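Structure first, then comments.
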Number of protein chains: 2
Amino acid sequence: MEQGSQRKKRVTITDVARHAGVSTAAVSKVMRNAYGVSAAMQEKVRAAMAELDYRPHAAARGMRGRTYTIGILLDNIRNTFFADILDGVRDELRDSEYTVLIGAAGFDAEAQDKTIRSMVDRQMDGLVLIAPGIQRSEVLATAQSTPTVVIGHHDASDLHDSVVDADGSGASLVVDHLVSLGHRNIALVSSPGTRASKWARTPEIVLSNGYAEAMGRHQLAEHTRICRTSYSDEGGYKAGMSLLTAGDRPTAIMTGADVAALGVWRAAHELGLRVPQDVSLVGYNNTAIADLATVQLTSVDQAGHDMGATAARLLIERVEGRREHAVQTTMTPRLVVRGSTSVPPAV
Amino acid sequence: MEQGSQRKKRVTITDVARHAGVSTAAVSKVMRNAYGVSAAMQEKVRAAMAELDYRPHAAARGMRGRTYTIGILLDNIRNTFFADILDGVRDELRDSEYTVLIGAAGFDAEAQDKTIRSMVDRQMDGLVLIAPGIQRSEVLATAQSTPTVVIGHHDASDLHDSVVDADGSGASLVVDHLVSLGHRNIALVSSPGTRASKWARTPEIVLSNGYAEAMGRHQLAEHTRICRTSYSDEGGYKAGMSLLTAGDRPTAIMTGADVAALGVWRAAHELGLRVPQDVSLVGYNNTAIADLATVQLTSVDQAGHDMGATAARLLIERVEGRREHAVQTTMTPRLVVRGSTSVPPAV
DNA sequence: TTCGGCTTAGAGAACGTTATACAAACTCTC
DNA sequence: GAGAGTTTGTATAACGTTCTCTAAGCCGAA
């Protein structure tokens, strides 16, 4: 039976049809719950499918229509905020027939472009792009041919749906908290906008504006200082080094991502500075690490799980053609105060 | 031009052929660097492809042969050890034409099965399975039809390649270290073997055996205690609670994953126990969190990046038919001592 | 009856590639 | 300059689906 030739043939729709004594068209109809199948036909075909353990070949389906695949693009798998989003997507699609596949492209715009194109070439039914670092025009072009949800960027478009967090209010929450503790010299570590990517309202821009606006509201405009770096441990470390060795050292640093805050913390540690005694530190995203016993990082909760679930729901609506017009959903952030923030050091 | 119909047509091989004034077969040959194309033909076709911005349709390719897609199966995206492995895979495949897609299936065996099947149905060229929790027979069946590399499980097979860490030695390193500090009551937190999955030598089994063997070597067999839980923050927390509230409380706990160690730490913290003064704690994998300023977790480095790169290399060799026989690669672990281990508390 | 309408099943043409088989056009060599 | 070989390009049949047609069968009304 098992001959040397390693591949045993797949069971195809033709096999099912033959086994059930019907046409392939009939089998296809049953699979798709299409109109025009008798109860008897239903049963015959389903029995044959079960008996042969038939699974439709997604690649072949892709030639004609859908592949029942959703692609998720993210830059850095280490940012556990994305894991929260991902859990949301997975939970939403758990009982559907869609498969979720993740492309972790890194921060490089070209690699992200390549990954998105790969997903489109694989005929994925829909894409969730988490704060893509590529040209806006690229995203719009993709969205024109494939249903797309953008998470993070506030720029709305009628070509794709958006799920965002009210990052401006998030920044306000943090600044207000720090000011109430007595801080005045508050710096922000944010992500570098991809140069000339034509996104007018990336999360980092909205966050920065919110920060600047809040600082102004507290008459602290002169202390406004933004350090740009990638949201990673290494990026945070560099930003921390730069800020904490500067002449006019901030007494508090807020960051746009927990993962970057931890990098700042590492830098502070190396410089012999204690958190929060010497410098207060605030993260963003309220990931699981923030709550670790030894970390206890004050952070802003963004409801990543809800964002992911919402994105998935919106995407499927579009994929299945149940909605025509684009939608933007905004989540409200919430400050979670922990041990990494306290009153500024007495000078 | 742009009519209301949203989808603009893809550029296909036929378009390229027409544009270059040749047959589709010729274009296909050029793409695949197949035998029998003149230099002139090469140039003509490449020019046409560039001019039209042609990209082959992966789904269509899948109908005939390869899709140039590698699938990676992992359980939990939050375990950053997997991120190390993934980086290795990515780096190895960076300049190839392969795309890496990740399926994060969770711990549930059925979900993992479903994800693997999805990957096969999508005609992926090869799979990397990171410590799969499913039946061994399922993996073997998959490997029979699709080139597969298994990371983690020590059970070798001539159907798939393997990349493993010498987990037994890793356990030894930890036990030896703890004993040299004066510990005797050392517990292990490991992962539950998937019941009846027929893997004889999962990482957790090899680790457990190494631990038991090392304990025996130090005449500490009576203190051998293994607590099984999933490698996640929550799993670690539960295990920690159970071990640290038990009558005969261990003075040191080693875990099979950093992420679980952090959960144990959280439990210790809640119980008012300090690390390392009251209990020493050792992780596994030496992920980035272990090195955080405020964490400083003693851990075992597994060279995740190398494991990933090796897995990718082995896989491509198989996909491209350059190797017939299966291979097992073993990495050597290395202990990284940090602040979470010290002498046991004086009783 | 005959006809129109409705339901159900199947034939067959895509979809975008790959790869085999072959024809045509060149090189040699004697 | 004839035959034998070698290159080079193309025609075409898959691959496993989906989906539009059309045909067949049945029902009921006129």
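Numbers restart at 1 for each chain; the letters A, B, ... are given by sequence-line order, proteins then strands. Everything numeric in this text was worked out from a predicted model, so none of it was measured.
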Checking A:Arg122 against A:Thr67 for the side chain to side chain contact (heavy atoms under 4.5 Å, CB included) test, could you report, in this order, the C-alpha distance in whole Å, the side-chain angles of both residues, the deciding distance, and whether it holds?
CA-CA 8 Å; A:Arg122 275 152 193 79; A:Thr67 55; over 6 Å; no
Test side chain to side chain contact (heavy atoms under 4.5 Å, CB included) applied to A:Glu110 - qualifying residues, sequence neighbours left out
A:Asp108
Qualifying salt bridge (Lys or Arg N to Asp or Glu O under 4.0 Å) pairs, either residue in residues 126-152 of chain B, two or more places apart:
none
Listed once per pair and sorted, the ring-ring contact (aromatic ring centres under 6.0 Å, His included) pairs that draw on residues 32-66 of chain A, sequence neighbours left out:
none
Stepwise side chain to side chain contact (heavy atoms under 4.5 Å, CB included) check, B:Arg66 with B:Arg61
CA-CA 6 Å; B:Arg66 293 202 251 162; B:Arg61 284 182 141 179; over 6 Å; no
Between the side chain of A:Glu317 and the main-chain N/O of A:Arg322, is any donor-acceptor distance below 3.5 Å?
no
Residues at least two apart in sequence or cross-chain that pass side chain to side chain contact (heavy atoms under 4.5 Å, CB included) with A:Thr142, listed by chain then number, are A:Ile116, A:Val120, A:Leu127, A:Thr148
Which nucleotides of nucleotides 13-25 of chain C have their base under 4.0 Å from a protein heavy atom (B), which only their sugar-phosphate (S), and which neither (-), written as one string 5' to 3'?
-BBBBBB------
Single hit among B:Thr115, B:Val150, B:Leu74 for side-chain contact (heavy atoms from CB on, under 4.5 Å) with B:Pro132
B:Val150
Rounded to 10°, the helix from C:dT1-D:dA30 to C:dC30-D:dG1 deviates from straight, judged by its five-pair end axes, by 50°
According to side chain to side chain contact (heavy atoms under 4.5 Å, CB included), who are the partners of B:Arg94, at least two apart in sequence or on a separate chain?
B:Asp91
Of the residues in residues 37-48 of chain B, which ones touch DNA chain D at a heavy-atom distance under 4.0 Å?
B:Val37, B:Ser38, B:Met41
Under 4.0 Å from a heavy atom of chain B: give me the 5'-most and 3'-most nucleotides of DNA chain D that qualify.
D:dT7 to D:dG16
With B:Asp161 via side chain to side chain contact (heavy atoms under 4.5 Å, CB included) - residues at least two apart:
B:Val149, B:Leu314, B:Arg318, B:Arg323, B:Ala326, B:Val327
Which residues pass the side-chain hydrogen bond (donor to acceptor under 3.5 Å, both in side chains) test with B:Asp87, not counting sequence neighbours?
A:Arg78
Sequence neighbours excluded - ring-ring contact (aromatic ring centres under 6.0 Å, His included) pairs with any residue from residues 138-158 of chain A
A:His153-A:Trp199
